[in-house]
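Comments concern the structure below.
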Amino acid sequence: SHIYYDIPLTMDERDKTEAAVRVFFKWQHERRITKERERRQLLSRCVIAGGSMHSLALRPDGSVACWGGNLCSQAPPEGIPGDFVAVAGGISHALALRRDG
């Protein structure tokens, strides 16, 4: 969403430029704060585990995303549907704990 600020037309060009710069920097500051809050929120829910040659990530919906080596079927590329709360990876295995234990 964009926020538009009214800049009166009676100002001379220098004042208009200074006003535009102030508005821009205020908008940039607000945008950076919002982006940082979003980043921290994502990181607080981020669960990633790694094995020898594969990795797992717990998605927000509880399913597991997998990538990397899959020689022993430990990391299916299509992921694993379910309601998981934790993941772990080993040399040639992967573990995921369901919400119901």
Side-chain angles (χ1 to χ4, degrees):
S1 68
H2 297 317
I3 300 172
Y4 296 97
Y5 296 91
D6 290 330
I7 300 173
L9 297 176
T10 58
M11 301 173 136
D12 65 1
E13 290 301 314
R14 182 175 154 198
D15 289 339
K16 285 182 186 178
T17 302
E18 288 176 2
V21 168
R22 282 195 304 274
V23 168
F24 175 76
F25 282 118
K26 181 178 179 183
W27 174 79
Q28 275 292 84
H29 179 72
E30 292 168 356
R31 182 173 167 259
R32 284 184 183 146
I33 288 172
T34 301
K35 289 290 185 185
E36 181 62 19
R37 284 186 185 139
E38 290 172 359
R39 187 184 72 81
R40 287 181 185 216
Q41 191 175 34
L42 284 173
L43 288 176
S44 69
R45 293 180 293 177
C46 185
V47 178
I48 297 176
S52 175
M53 296 181 71
H54 64 285
S55 300
L56 312 161
L58 190 58
R59 292 182 177 130
D61 66 356
S63 64
V64 178
C66 308
W67 65 95
N70 192 32
L71 187 61
C72 300
S73 300
Q74 73 272 30
E78 66 277 2
I80 305 164
D83 191 17
F84 298 99
V85 294
V87 291
I91 292 175
S92 61
H93 64 281
L95 306 169
L97 179 63
R98 290 190 186 273
R99 185 171 304 279
D100 61 3

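Index from 1, following the sequence. Note that the coordinates shown come from a computational prediction; the quantities given were computed from them, not determined experimentally. As a basis for the values below, the full set of heavy atoms in this structure was taken, side chains included, without hydrogen atoms, waters or symmetry mates.
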* Structure fact -> Looking only at heavy atoms, the pair that brings Ala96 and Val64 closest together is CB-CG2, 4.2 Å
* To do: Answer yes or no: are there more than 12 heavy-atom neighbours, outside Leu71 itself, under 6.0 Å from its atom CG?
  => no
* What pairs meet the salt bridge (Lys or Arg N to Asp or Glu O under 4.0 Å) rule with one or both residues in residues 49-73, with sequence neighbours excluded? -> none
With a 3.5 Å cut-off and sequence neighbours excluded, list the donor-acceptor pairs that the side chains of residues 74-94 form with protein atoms.
residue	atom	partner	partner atom	Å
Gln74	OE1	Cys72	N	2.9
Gln74	NE2	Gly69	O	3.4
Asp83	OD1	Arg99	NE	3.3
Asp83	OD2	Arg99	NE	3.1

* **CZ-CZ distance between Phe25 and Arg31, expressed to the nearest 0.5 angstrom** => 13.5 Å
* How far apart are the closest heavy atoms of Leu56 and Leu95, and which atoms are they? -> CD1-O, 4.3 Å
